[in-house]
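Encoded as structure tokens, the structure appears first; notes follow it.
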Amino acid sequence: MEFNMQDNDGGTPEQLRVDALTQAAQATLKKDGDTAVQLWVKCCALSRIIFGDAHVELARCHIELASVYLELKGFWEQSLSHAVKGRDILLLVEKHVTSHDTRLLALYHNSWACCTIGRALMMCDQLKEAGASLRDAELMCTECGKIISCSYSGPSPRADGNDDSTHPHIVTMVTVARLEEDIACALARLSFKQNNYELAGRYFTKAVDHHISHHGNSSEGLIVLLQELARAEGYCKNYSAAAKALSTALDISQLTHGEESEGVAYICRALASIRLMSTKDALMSLEDGDVTTHVTISELSTEDAAEVEQLLRRAEGIMCSLLGEEHCEAIECKVRSIYGGHLVLHEH
């Protein structure tokens, strides 16, 4: 996709850039992928015209575009191309930079670029290369945090490295913490793909901690992170830790989506499965809360049996209420109910 200067509204490149950056950020926030792509392409073109081919701001626009392609469009090839372009521009910047501010900006954006490259490579199953890029991102992001907290005492640097920037992009501990969360999530999911569930659990825990540090402990974004943490802990047979993560996710989901939401039903089923696994070692897919075994009531304590039954019946009730008695999800929940003195749980 290309931007043609003949399509502008008659303003100067600087004025057009200010408007395009604002509109691109808004489209990205609204998750309007097509519009965001068009606007970030425009930002790249205008930044090249204004700043030249070796500038932090041009690199940032390419990385923003790469992120939009990856997160909103699911196009890993285009994402990889622009993230690599952004990283290459930053390598040129680093050769000539003398400003402390610009050096910090280049380091931060290089970390962001490497994170995006790693995530794109994961989508095409190039796991070894993805891991190398994500670990580079982790090291650079950690260094950014150290610089800001220990060494940097001047005014907040701007994304374009110029004091007269009309669209500043500030690098603070908040922005670094957000990137640290993204990197930790990516490394956790990579570790899970590589069947290293213990390492996945550690990275998911790190991601949860970063998320809480700037969103609080009742943020909706924690729900998915805690469920992924529970999956990793479940595969490591750390059932108590898995149950704790799911219980927290259940509390947040109830507050955020209400007591009778599909998300609550899903977590109830997963939590019931974890309770069963802590009693009898069973093969389970935590993605859908299935346990491929029959577990008799006698194998559970009275308290555990009551909790499992309550969770499963609650999930059944929610799905039946939302989707109707004959819906497949409602029926799937029904077969997880107490039947004939047994907890009958089948993999579908």
Side-chain angles (χ1 to χ4, degrees), residues 67 70-71 111-112 114-123 125 127-128 130-142 145 173-257 263-264 266-275 277-278 283-291:
S67 296
L70 190 68
E71 296 172 12
S111 177
W112 184 7
C114 286
C115 178
T116 306
I117 290 168
R119 292 170 61 200
L121 290 170
M122 281 176 61
M123 289 186 69
D125 290 326
L127 303 187
K128 182 178 179 180
S133 188
L134 288 170
R135 284 187 288 273
D136 285 344
E138 184 180 30
L139 289 172
M140 287 185 282
C141 195
T142 299
M173 288 304 294
V174 173
T175 54
V176 170
R178 288 172 182 161
L179 181 55
E180 285 178 323
E181 180 186 338
D182 289 342
I183 295 169
C185 280
L187 283 165
R189 288 162 186 159
L190 174 66
S191 300
F192 205 95
K193 276 178 170 281
Q194 296 172 322
N195 299 322
N196 190 341
Y197 304 123
E198 184 177 350
L199 184 59
R202 290 204 296 268
Y203 273 118
F204 277 129
T205 298
K206 187 175 181 179
V208 167
D209 290 342
H210 284 309
H211 191 92
I212 291 174
S213 72
H214 64 271
H215 288 298
N217 58 9
S218 60
S219 165
E220 182 179 0
L222 277 176
I223 298 172
V224 172
L225 284 177
L226 288 167
Q227 289 180 85
E228 290 185 291
L229 173 58
R231 287 177 59 203
E233 297 290 9
Y235 277 104
C236 292
K237 300 183 180 181
N238 297 328
Y239 302 127
S240 178
K244 181 179 179 181
L246 285 172
S247 295
T248 303
L250 181 60
D251 291 340
I252 298 171
S253 188
Q254 289 173 152
L255 287 172
T256 305
H257 303 297
V264 167
Y266 174 92
I267 298 171
C268 284
R269 285 156 50 187
L271 186 53
S273 296
I274 284 292
R275 295 300 191 199
M277 289 183 73
S278 65
L283 299 175
M284 185 182 84
S285 171
L286 275 172
E287 288 87 348
D288 49 26
D290 285 332
V291 177

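The chain is numbered in sequence order, starting from 1.
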Donor-acceptor contacts, no H, no angles, side chain residues 178-190, under 3.5 Å, sequence neighbours left out:
{"from": "Glu181", "atom 1": "OE1", "to": "His211", "atom 2": "ND1", "distance (Å)": "3.3"}
{"from": "Glu181", "atom 1": "OE2", "to": "His211", "atom 2": "ND1", "distance (Å)": "2.8"}
{"from": "Arg189", "atom 1": "NE", "to": "Glu228", "atom 2": "OE1", "distance (Å)": "3.4"}
{"from": "Arg189", "atom 1": "NE", "to": "Glu228", "atom 2": "OE2", "distance (Å)": "3.0"}
{"from": "Arg189", "atom 1": "NH2", "to": "Glu228", "atom 2": "OE1", "distance (Å)": "2.7"}

Any donor-acceptor pair under 3.5 Å from [X] side chain to [Y] backbone:
X      : Y      : value
Ser133 : Cys114 : yes
Thr256 : Ile252 : yes
Asn196 : Leu199 : yes
Ser213 : His210 : yes

| field | From CA spacing to verdict: salt bridge (charged side-chain N to carboxylate O under 4.0 Å, His left out), Lys244, Glu233 | value | CA-CA 10 Å; Lys244 181 179 179 181; Glu233 297 290 9; over 6 Å; no
| field | Glu198 atom CD, over 12 foreign heavy atoms within 6.0 Å | value | no
How long is the gap from [atom1] on [X] to [atom2] on [Y], to the nearest 0.5 Å?
X      : Y      : atom1 : atom2 : answer
Leu139 : Leu134 : CG    : CG    : 11.0 Å
Trp112 : Thr175 : CH2   : OG1   : 10.0 Å
Leu250 : Leu255 : CG    : CG    : 9.5 Å
Tyr197 : Arg231 : OH    : CZ    : 8.5 Å

Is the shortest heavy-atom distance from the side chain of [X] to the side chain of [Y] under 4.5 Å?
X      : Y      : value
Glu138 : Lys206 : yes
Leu246 : Leu226 : no
Gln227 : Tyr266 : yes
Leu222 : His215 : no
His214 : Met173 : no
Tyr203 : Ser191 : yes
Gln194 : Leu127 : yes
Lys128 : Leu121 : no

| task | Could you tell me if the ring centre of Phe204 sits under 6.0 Å from that of Phe192? | result | no
| request: Check salt bridge (charged side-chain N to carboxylate O under 4.0 Å, His left out) between Lys193 and all other residues, then give those that pass, not counting sequence neighbours. | output: Asp125
Considering all heavy atoms, the nearest [X]-[Y] contact:
X      : Y      : value
Ala130 : Gly118 : CB-O, 3.3 Å
Ser111 : Ala137 : OG-O, 2.8 Å
Ile223 : Ser253 : CD1-CA, 3.7 Å
Leu229 : Thr205 : CD1-OG1, 3.5 Å
Ala120 : Leu70  : CA-CD1, 3.9 Å

